[in-house]
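Below is one structure, written out as structure tokens, with a few remarks after it.
In what follows, every chain begins at residue 1, and chains take the letters A, B, ... in the order their sequences are listed.
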Amino acid sequence: MNYWLVKSEPFKYSWDDFVKEGKSVWDGVRNYQARNNMKAMKKGDWVFFYHSNEGMEVVGLAEVLTEFYQDPTTEDPRWVVVELIPKQKLEKTVSLKTMKADDRLQSLALIKQSRLSVTPVLKAEFDIILSLAQ
DNA sequence: GCCAACGTTGGC
DNA sequence: GCCAACGTTGGC
């Protein structure tokens, strides 16, 4: 089991939109590192849902429903999508500020590579973030 | 609105 | 293959 974090700008696609639809095809990723992370996702992996730009906080937990396949929004075979389903909303959101201030989260990929839209989360980091969400 | 950090493109 | 120029993301 692996853990991940995906970013979305809430005014484009928010957690609430995600819950309303019940499922999301995570398309439009055009960055190799993010793509490679998506290819490494396995069905059942857990994925934090983070609001970038506005909010700047982890708001919910999703699960990988379908592993990667060709991105239907492009002919270009380099790009892929995964399908995610909402699992649960966090009791308390966890802000970027909180994570940056936590000594235990200094190597979090979200913090180290702030522009990457799909990042891995270590098990230890995952547990810490979940504990901050209660 | 600014700008740092990256990623990409294209000329050489 | 290098690197300058440019574009984008996202925190502040």
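A distance of 6.0 Å or more separates the ring centres of A:Tyr3 and A:Phe48.
Spacing between atom CG of A:Leu116 and atom P of B:dG7 amounts to 8 Å, rounded to whole angstrom units. Per the geometry, CZ belonging to A:Arg115 stands 9 Å off C1' belonging to C:dG7, to the nearest Å. For A:Ile111 and C:dG11, the CD1 to C1' distance is 12 Å, given to the nearest whole Å. A straight line from CE of A:Met99 to C1' of C:dC12 spans 16 Å, rounded to a whole angstrom. The separation between A:Leu5 atom CG and C:dG10 atom P is 11 Å, rounded to whole Å. C:dT9 atom C1' lies 11 Å from atom CZ of A:Phe11, rounded to whole Å. The distance from atom CD of A:Glu9 to atom C1' of C:dG11 is 12 Å, rounded to the nearest whole Å. Taking atom CD of A:Gln113 as the reference point, atom P of B:dG7 lies 7 Å away to the nearest angstrom.
Mapped onto DNA chain C by nearest heavy atom, A:Lys100 and A:Lys12 fall at different nucleotides, with A:Lys12 at the one closer to the 5' end.
Closest to the side chain of A:Asn31, from the set B:dC6, B:dG7, C:dG10, is B:dG7. Of the candidate nucleotides C:dG10, C:dG11, B:dT8, C:dG10 has the atom nearest to the side chain of A:Ser117. Of the candidates B:dA5, C:dG11, B:dT8, the closest approach to any side-chain atom of A:Tyr32 belongs to B:dT8.
Placement of A:Leu96 and A:Ile129 within a single hydrophobic cluster is found when ILVMFWY residues are connected by side-chain heavy-atom separations under 4.5 Å, directly or transitively.
When the side-chain nitrogen and oxygen atoms of A:Gln33 are compared with OP1 and OP2 of B:dG7, one or more of them lie within a distance under 4.0 Å. Contact check, A:Lys7 against C:dG10: a side-chain N or O comes under 4.0 Å of OP1 or OP2. Phosphate contact (OP1/OP2 of C:dG11, side-chain N/O of A:Tyr50, threshold under 4.0 Å): present.
Panel note: side chain A:Lys43, backbone A:Leu65; a donor-acceptor pair is recorded below 3.5 Å.
In this structure, the side chains of A:Met41 and A:Val118 come closer than 4.5 Å at one or more pairs of heavy atoms.
The residue A:Lys97 sits apart from the nucleic acid: no heavy atom pair falls under 4.0 Å.
Ring geometry for A:Phe18 against A:Phe49 counts as parallel: the plane angle stays under 30°, on a 0 to 90° scale with 60° as the upper cut.
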